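Quantities reported herein were computed from a predicted structural model and do not represent experimental measurements. Hydrogens, waters and symmetry mates are skipped; everything else that's a heavy atom, side chains included, is used. Residues: numbered from 1 along the sequence shown.
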Amino acid sequence: MLDHLIRGATLVDGTGAPARTADVGIRGGLVAAVAAPGTVTEPARTAEDASGLVLCPGFVDPHTHYDAQLFWDPYATPSMNHGVTTVAGGNCGFTLAPLHPGRPEDADYTRRMMSKVEGMSLRALEDGVDWTWSGFGEYLDALEGRIAVNAGFMVGHCALRRHVMGADAVGGQPTAAQLDRMTALLHEAMDAGAWGLSTTQSSTHSDGDGAPVASRHARPDELIALARAVGDHEGTQLEAIVAGCLDRFTDAEIDLLVAMSAAAGRPLNWNVLTIDAAVPDRVPRQLAASERARRAGGRIVALTMPILTPMNMSLGSFCALNLIPGWGTVLGLPVPERITELRDPAVRTEMLRRAGSPEAGVFRRLADFGRYVIGDTYSKENEGLTGRVVRDIAAERGQDPFTCLVDICANDDLRTVLWPMPTDNDPASWALRAETWQHEDVMLGGSDAGAHLDRMCGAPYTTRFLGDCLRGRRLVPLEQAVRMLSDDPARLFGLRGRGRIEEGAYADLVLFDPERIDAGPATLVHDLPGGSPRLDARAVGIVSVRVNGVETVRDDEVTGAIPGRVLRSGRDTRTVATR
């Protein structure tokens, strides 16, 4: 007997094949039948009529930071509401394990680092996670049986360094014995099911003390030694961030990424490829790394977002503005001193110069302050400004836009919410995106879901992209869009039995209304442990989400079921070789 039968759905199976009408039966967490309507004769405990609805595989989000959130939110909201049934965590070199059992202070260091570098609430990290593990396998075991989505995790280079080198991980170089121990820890983690190694060399990544995170101090020989260890395990990967990910790679960065992928014989993905027609040489430069890797026996895959993710900015708390070269010094001051500095014309002039310089990379886009929209305000002086564009306010006041913005924010003691309007929302940039998505080493993803919680909400990229494909720009047909969200990442990670709807596959399924599929606006909610805020967005048109055959979402409401699995390398992933 079938557990459930979905009748008469428009089946988009994830392969890119043309949509067709079909009945799909589920039994024991697997797809048991895919057949023409009315031809499944086996009885079912429950059934539903899906006429007019699209049934597709669950989506795979290749770049999340749900490592901590899953402990207090097993539903990985809002990702699961938007059809994501599998998440890849442990990215950017940051993981909650391994932790040295003899140094309990390492857990506090890790919490403060995650709070700073990934914008997670420190209170939530303290109150929502028990931190009782030491080894990476113990961390995975702590999640087993208590999550609603499928989840796989890389091992963070920073955690490996901290475990072996202690405080010397920041600023120091490992001895030969320490590098051997680091490699052994990585092997232990992959034996327990870790997906591979993640690392960062990005200049934007600093720990809770403001120092460059541990992996930024690693030299190429250390990174290549660890990458080589990844190649000794079945179903493993690499993920790496370097400074050039934000704009253009240097020759040395390309050399490093290529050497790591070739040494491991495994794909390496990086985040995130920014596509802007105003910077036409960026995409060719970034994809040159992929071309080099293929010649060297490796593979480098660029993640890119198919939507423009709105970002919640502020001069009062840490956000992307702090990452502009030279800005962190000013924006890191206590608020009264920060306001004094920001009101100084000479300081503002220097800040604008740095923001517009080549060293600012992709952050140059944030420096057009006339394009900012004023969000929430808190003072009488700012009444009526919410929703208005800074350029218009500045013109009325006879000010330049940055001065005007500083005055507005200062009236609110820098609590004003700011929304930068994207500069790459033009037809030429969208045409370039559609062209770039066809490249064999470009994949959709980069949501950062689970991180930067009160600053951005990238999790709804799946539903927003599908809505755009069906009723908006229609840059790719539905069948291709679904494949890009499901089968493509499943194939990159070597996921066994996921990414497609076919008999014998896991029943990770999304049922949606093609006339309505979309994402609502991001809104601030206070539902984290300790009442901390985050941005959330409702899913529109999602009728049902199933994970391993069990319904986890119905009409955008979580059912409470927790059928997700911790996906372990080798057992749940197969090797995707590069040579």
Asks: Say whether, by atom type as modelled, one donor and one acceptor occur between the side chain of S198 and the main chain of E239 under 3.5 angstrom.
Replies: no
Asks: If you look at every heavy atom in F369 and V390, which pair is closest and at what distance?
Replies: O-CB, 3.3 Å
Asks: Salt bridge between D209 and K116, side-chain N to carboxylate O under 4.0 Å?
Replies: no
Asks: Calculate, to the nearest 0.5 Å, the distance between atoms CG and CG belonging to D412 and N382 respectively.
Replies: 4.5 Å
Asks: Go through the side-chain N and O atoms of T423 and R364 and say whether any donor and acceptor fall under 3.5 Å apart.
Replies: no
Asks: Does the side chain of I408 reach to within under 4.5 Å of the side chain of R397, using non-hydrogen atoms?
Replies: yes
Asks: Does one side chain, of H82 or T463, offer a donor that lies under 3.5 Å from an acceptor on the other?
Replies: yes
Asks: Using a distance-only test with no angle check, is there a side-chain donor-acceptor pair under 3.5 angstrom linking N91 and N271?
Replies: no
Asks: Would you say the side-chain atoms of T10 pair up with the backbone N or O of G52, donor to acceptor, closer than 3.5 Å?
Replies: no
Asks: About how many Å separate CG of L257 and CD of Q201, when rounded to the nearest 0.5 Å?
Replies: 9.0 Å
Asks: Name all residues meeting the side-chain contact (heavy atoms from CB on, under 4.5 Å) criterion together with S121; count only those two or more places apart in sequence or in a different chain, and write none if there are none.
Replies: R123, A124, L528, S532
Asks: Could you tell me which non-hydrogen atom of C404 sits nearest to which non-hydrogen atom of I393, and how far apart they are?
Replies: SG-CG2, 3.7 Å
Asks: Are V389 and M421 packed together at the side-chain level, in the sense that at least one heavy-atom pair is separated by less than 4.5 angstrom?
Replies: yes
Asks: Could you tell me whether R285 and D251 have a side-chain N and a carboxylate O separated by less than 4.0 Å?
Replies: yes
Asks: State, without any angle test, whether R348 and T403 hold a side-chain donor-acceptor pair at a distance under 3.5 Å.
Replies: yes
Asks: Measure across T386 and G375 and return the closest heavy-atom pair with its distance rounded to 0.1 Å.
Replies: OG1-O, 2.9 Å
Asks: Search all heavy atoms of A148 against all heavy atoms of Y75 and return the closest pair with its distance.
Replies: CB-CD2, 3.5 Å
Asks: Looking at T95 and A159, what are the two nearest heavy atoms and their distance?
Replies: OG1-CB, 3.6 Å
Asks: Salt bridge check, R294 against D441: does any charged N sit closer than 4.0 Å to a carboxylate O?
Replies: yes
Asks: If every non-hydrogen atom of M305 is compared with every non-hydrogen atom of V272, which pair is closest and at what distance?
Replies: N-CG2, 4.0 Å
Asks: Does any non-hydrogen side-chain atom of N411 lie less than 4.5 Å from one of T416?
Replies: no
Asks: Measure the shortest side-chain to side-chain distance between L256 and L223 over non-hydrogen atoms and say whether it is less than 4.5 angstrom.
Replies: yes
Asks: Would you mind checking if R538 and E557 are paired as a salt bridge, meaning a charged N to carboxylate O distance below 4.0 Å?
Replies: yes
Asks: Are the side chain of R354 and the backbone of I324 linked by a donor-acceptor contact shorter than 3.5 Å?
Replies: no
Asks: Check R112 with D108, please: is the shortest side-chain N to carboxylate O separation under 4.0 Å?
Replies: yes
Asks: Checking H217 side chain against G171 main chain: does a donor-acceptor pair fall under 3.5 Å?
Replies: yes
Asks: Within this structure, what is the CH2-CG distance for the pair W327 and L366, rounded to the nearest 0.5 Å?
Replies: 8.5 Å
Asks: Does Q286 use its side chain to pair, donor to acceptor, with the backbone of F249 at less than 3.5 Å?
Replies: yes
Asks: Does the side chain of T200 come under 3.5 Å of the side chain of S202 through a donor N or O and an acceptor N or O?
Replies: no
Asks: Using modelled atom types only, decide if a donor and an acceptor are shared between the side chain of R473 and the backbone of A431 within a distance under 3.5 Å.
Replies: no
Asks: Would you please name every residue forming a side-chain hydrogen bond (donor to acceptor under 3.5 Å, both in side chains) with Q399, sequence neighbours left out?
Replies: D407
Asks: Hey, are the side chains of R248 and V279 touching, using non-hydrogen atoms and a 4.5 Å cut-off?
Replies: yes
